[in-house]
Amino acid sequence: MLGEDHSLINEFPEYQDIIVQLSQSNEAFAKGAKQYDALDKEIRELELKGAPINDESMHQLKHDRAELKDSLFQRLASEKA
């Protein structure tokens, strides 16, 4: 859906405590999470404005967000184990 919130906590509510903990204690995770949330916000705003960029650029933004999400999830999963 257009304009849908894909923030980390929204995507992984079961990992909320770990997300908060790692964001405070792990600089690399915090940087990645901040980058992910900024990218998600940019995509959401573009979608709500009717995506005033070309399809290829939007696809690249979403691809970058997915890759970042995957790497952050791997870190979350390893912390929960």
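All of these numbers come straight from a predicted model, not from anything done at the bench.
Residues Arg44 and Glu4 are not in side-chain contact: their nearest non-hydrogen atoms beyond the backbone lie 4.5 Å or more apart. Residues His63 and Glu67 are in side-chain contact: their nearest non-hydrogen atoms beyond the backbone lie under 4.5 Å apart. In this structure, Ser23 and Val20 have side chains that are not in contact, with every pair of non-hydrogen atoms separated by 4.5 Å or more. Contact annotation: the side chain of Lys41 never approaches that of Tyr36 to less than 4.5 Å [non-hydrogen atoms, C-beta and beyond]. Contact annotation: the side chain of Lys69 approaches that of Phe12 to within less than 4.5 Å [non-hydrogen atoms, C-beta and beyond]. Side chains of Asp40 and Asn10 form no contact here, defined as non-hydrogen atoms less than 4.5 Å apart.
How far OG of Ser78 is from CD1 of Ile18: 8.5 Å, rounded to the nearest 0.5 Å. Distance check: Ile19 CD1 to Ser7 OG gives 8.0 Å after rounding to the nearest 0.5 Å. A distance of 5.0 Å separates CD of Glu42 from CG of Leu61, quoted to the nearest 0.5 Å. Once rounded to the nearest 0.5 Å, the distance linking CE of Met58 with CD1 of Ile43 reads 6.5 Å. To the nearest 0.5 angstrom, Gln60 atom CD is 4.5 Å from Asp64 atom CG.
Heavy-atom contacts from other residues, nucleotides or ligands closer than 6.0 Å to CD of Glu14 number more than 12.
A side-chain donor-acceptor contact under 3.5 Å links Ser25 to the backbone of Gln21.
Counted by atom type alone, Gln74 and Asp70 present zero donor-acceptor pairs between their side chains at under 3.5 Å.
Each of Leu72, Asp17, Leu8, Leu76 was evaluated against Leu22; a single residue qualifies, Leu76, per the side-chain contact (heavy atoms from CB on, under 4.5 Å) test.
A salt bridge links Glu79 with Arg75: the distance from a Lys NZ or Arg NE/NH1/NH2 to an Asp or Glu carboxylate oxygen falls below 4.0 Å. Checked for salt-bridge contact, Glu47 and Lys62 meet the test: a charged N lies under 4.0 Å from a carboxylate O.
When the side-chain hydrogen bond (donor to acceptor under 3.5 Å, both in side chains) test is applied to Asp37, no partner is found at least two apart in sequence or on another chain.
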